[in-house]
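Naming convention: chains lettered A, B, ... in sequence-line order (proteins, then strands); numbering from 1 in each chain.
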Amino acid sequence: MMKKFLIQLSKYFLIIALIANLLALMSNFLLKRSSIFKASFLVNNFEPEQAFDYFIIGSSRGLTSIGSEEIDQKLTTKGINLSQDDTGLPSQLLMAKHFFESGFQSSYCILVLDEPDFEHSSMQINDNDYRMAPYLQREYIYDYFRKRERGIIRPYTLGKYVPAVLYAYYNTELFIPSLFTLFRPNYRHRFDKYGNYTYPDNQLNTQNELLKPIQIQKNISNPLLHTFEEYLRAKGCQLILYVAPYQGRELIIQNEFDIPLINHSSILLENSDFYDPIHLNNKGKIVASSFLAEELQPFFLK
Amino acid sequence: MIFNSIEFAFFLVVVFFIYWVPLKKDLNLQNLFLLISSYFFYGWWNWKFLTLIAFSSVADYLVGQHLGKSQNQSTRKGLLLISILINLGLLGFFKYYNFFAQNFVDAFLFFGSKVSLSSLQIVLPVGISFYTFQTMSYTIDVYRKKITPCKDYIAFFAFVSFFPQLVAGPIERAGHLLPQFLKARFFDYKIAVSGIRIILWGLFKKMVIADNAAIIVDGIFSDYSMQSPLSLSIGILFFAFQIYGDFSGYSDIAIGISRLFGFDLMNNFRFPYLSSNISEFWKRWHISLSSWFKDYLYIPLGGNRKGKWFSLINVLIVFLVSGFWHGANWTFIIWGLINGLLYVPLYISKGVKDEEYTQVRLTNLPKILFTFILVGFGWVYFRSPSVYDANQYLIHLFAGSGSAMYFSSSSKHLLISLICLIGITIILTVEIRYSKLKKTEVTLSNFQLVLLSLFILFMAAFKNPISFIYFQF
C-alpha cells in the first residue's frame, strides 16, 4: 500500500516537474527572443559588429534624466540607454558586462550614479534584476545571483539547473510576461527604441518658482566603481560618472577616483522640470540632456 | 511553520516516514511521536507557549478523570467550571486583556473620569482560540456524559495538540477525533491519495487565490479614501475570496494531512458562497465553529425551546460571541452583529428551519448573489482596522469621489488581479459542478490535478506568502 502510494506520488511528481521545466524552458526561449527587457532588447535589436559611441547605465534616474536621442542629435553620435529602474550599482555593472559579453563595443560608458551608491553598494539582489535572468546560463550572470542569494529557496542559483524553480518563483515577473511576448515579441517594457523612458510632463509643483538648492557634501568612494572602471578599461571603454539633477539639492562632491565626473545635481532650478524629487519629466529631460551633451562634446572630439 | 513553506514540507516528509515506517505497529509510540511532532511544530513558532498547551491539556485531562469518577452533581459542576475558567481565563488574558483594559479606560474617560490601567505587551499565542475550544468541548462532553473520559494521557495530549489542526482548526469534537487516537491506524492507499488531492486543492485556494488577492486587498483597504467605487468593490470581492481561500484552504490542507496519518477530520466548509441566504451561509462557513457555538452556547442558552423571540435573542448572542471570538476588536463584534441582524428577517419570516443546501440554478442565482453581497458588506468590518474605517470604506463605496484604481495601477497589479479573477472563476466553476453532483468535497481527476499543480506552480504568490489569516484568532 505504502509502496504503491510512494511510487504513484513520485510518478506524478516527476511528470509535473518535467512539464514545469519544459514550460520554464519555453518561457526562457520566449524572453530571450523578445525585446521586453533590456538584456534581450540589446541582443535582439542591435548587431554586435556595430560599435556604439557610448552607452548609458543607471537606475530609473538614468532612464528618465538622459535621452540618448537628444545627445545623438547634438553630437552626431550613436548611443543606447541600458538603464533599468530599481537597480543599484552592482546591477549596473552586470548590465555593462552583459553589453560587452554580448559582443558589443563602445568608447564610453556614462554611469548615472545615484546617491545610495556613492560610498558603498548593498549585496542584495535588486527588485528588477530578474530581467537579466533569461541569460542565467551565462557565467557572469549566474555568478552575480549566486553570490547574492540568501535563504532556503534560491531560485536563481537553482534556476540554472532547474529552470522551473526560477520561472515559478518569478511567475508574474518572468513566466507570464513571456506568454505575453508570444503575441508581441517586439514589445518593449517601458522604454523606446533607444532604451529611453520619459515621465509625462506632470510636474511636482505647479508653482514654478526657482528652486534654491540646499548644498550637501558628498563623497564618491565606492570601491565597486574602481572595479567597474577597471573592467571597462580592459574592454577599451572609458567610464564617465554623471550625477543627474535632483530637485532643490546641490551635491558638493568629492570624487576620490580618477574618473571623469559630470555633476549636474543642481543644474535644473525649475520645479516644472521635475516629475518627482528625483526624477525629471519630459521637459526636464530634454534640458538635462542638452546640458549633458555639451559636457560630453570634448570627449567625442578627442 | 506554515503549511505552504519549505520547512513544513521537510517536517511533513520526516514525520510521515517515521510515523508509518518504524512506528507503524505501535499505536502508543505513534501517538507519542505525533505529540512530540505537534509540540515541535508549535514550538517552531514560539516554544514558550508550549507551556500553555501543556497546561490546558493537563488541566482538562485531570478534570476529565475526576468527572468520570464523580457522581456528585455539584462536584461535577465545580470541575466543569474549573475547566471552563482555566480555558477561558487563558483565552481572556492573552487575547482580550488589552481590549478590555482599553475600553475600560475609554468608558471612564467618556464620563469625565481618568483611570490608569496600563496595557500589557501581550503576544497572542497562535491558535489559542482553536485549541482551548477543542479541549473545552472535551470536558463539557464528559460532563454531559456524551463521552467517557480518556485514560490514555498521551493520546489525549496528542488529541489536543494534533498539528494539522492545532492552530486554525477545524475545531474537532472529542467524540469524533479522540477515539481515532485510541484505535490502531493502518495506512490506506485510497485515503492517503484523497488526502493529497485535497491538500493540492487547499494549496491552490491559499497560494493562488488568497495570497495574490491579499496584495490587491491590502493596497485598496490601506488607501480606500482615494479609491474609485469600482476599485472598492473589487477590494470587497477579492477579500471575500482571500479569506475564503485562506481559511478553507488551510482547512483542506489540514484535512488532507490528517488523512495521510490515518485520521478523519470534519469538513469545515461546504461551498459557502453558493448559499442562498445568511442562515445557509453559516451552515456552510466555518462549520466546526458554528456547530460548536450551537452545541455549547445556543442550546445551553435555551436554543429555540423558549419561544421564537427568546430564540432570536440567543441567535444574536451567538453571532456576537462568534464575532468576538475572532478578535479583540470592535470590528469583529460589529461583524458578528451584522450577520446576526441579517439573520433576523429570515428568522422572522421562516422561523427556525434547516434549509437544504441550495442547488445552483438560474432561478437561484439572484438570491445567491444577494447573499454574497450581504456577506461582502460584513467582510468590510472584518477586514478594516477600525469601525470608523469600515464605515468610511462603505461611504466611499456609495458616495465617494475617489478615482484611483489600485488593482490596475501597474502592469503587475493588473496581472495579479487577473490571476485572482481566473482563480475565482476556477473555484466557482468547480464548486458549482460539485454542488450539482451533491458532493461536499472537491475530488479532481489525476489529469486535473496535474493541471492544478502546474497552475499553482506558475500562478502562486510565492513572494507574498502571507501567514494564514485565522492563525491570529
Turns out that what part of A:Phe180 lies under 4.5 Å from chain B's heavy atoms comes down to neither
Under 3.5 Å, side chain of A:Asn171 to main-chain N/O of B:Ala460, donor-acceptor pair present? yes
Could you measure the distance from the NZ atom of A:Lys11 to the CG atom of B:Asn446? Nearest 0.5 Å is fine. 8.0 Å
What part of A:Ile16 gets closer than 4.5 Å to chain B, counting heavy atoms only: side chain, backbone, both or neither? both
Quick check, are the ring centers of A:Tyr167 and B:Phe458 under 6.0 angstrom apart? no
pair B:Leu449-A:Tyr12: side-chain heavy atoms closer than 4.5 Å: no
Using 30° and 60° as the class limits, which term best fits the ring planes of A:Phe5 and B:Tyr189: parallel, tilted or perpendicular? perpendicular
Side-chain touch B:Lys412/A:Glu173, heavy atoms, less than 4.5 angstrom: yes
How about residues 134-163 of chain A versus chain B: which residues have heavy atoms under 4.5 Å apart? A:Ile152, A:Ile153
When rounded to the nearest 0.5 angstrom, what is the spacing between CG in A:Leu6 and CH2 in B:Trp20? 12.0 Å
Contact between B:Ile419 and A:Ile176 at the side-chain level, heavy atoms closer than 4.5 Å - yes or no? yes
State whether the number of non-hydrogen atoms from other residues, nucleotides or ligands found under 6.0 Å of B:Glu7 atom CD is greater than 12. yes
Contacts of A:Asp117 meeting salt bridge (charged side-chain N to carboxylate O under 4.0 Å, His left out) (sequence neighbours excluded), chain-then-number -> none
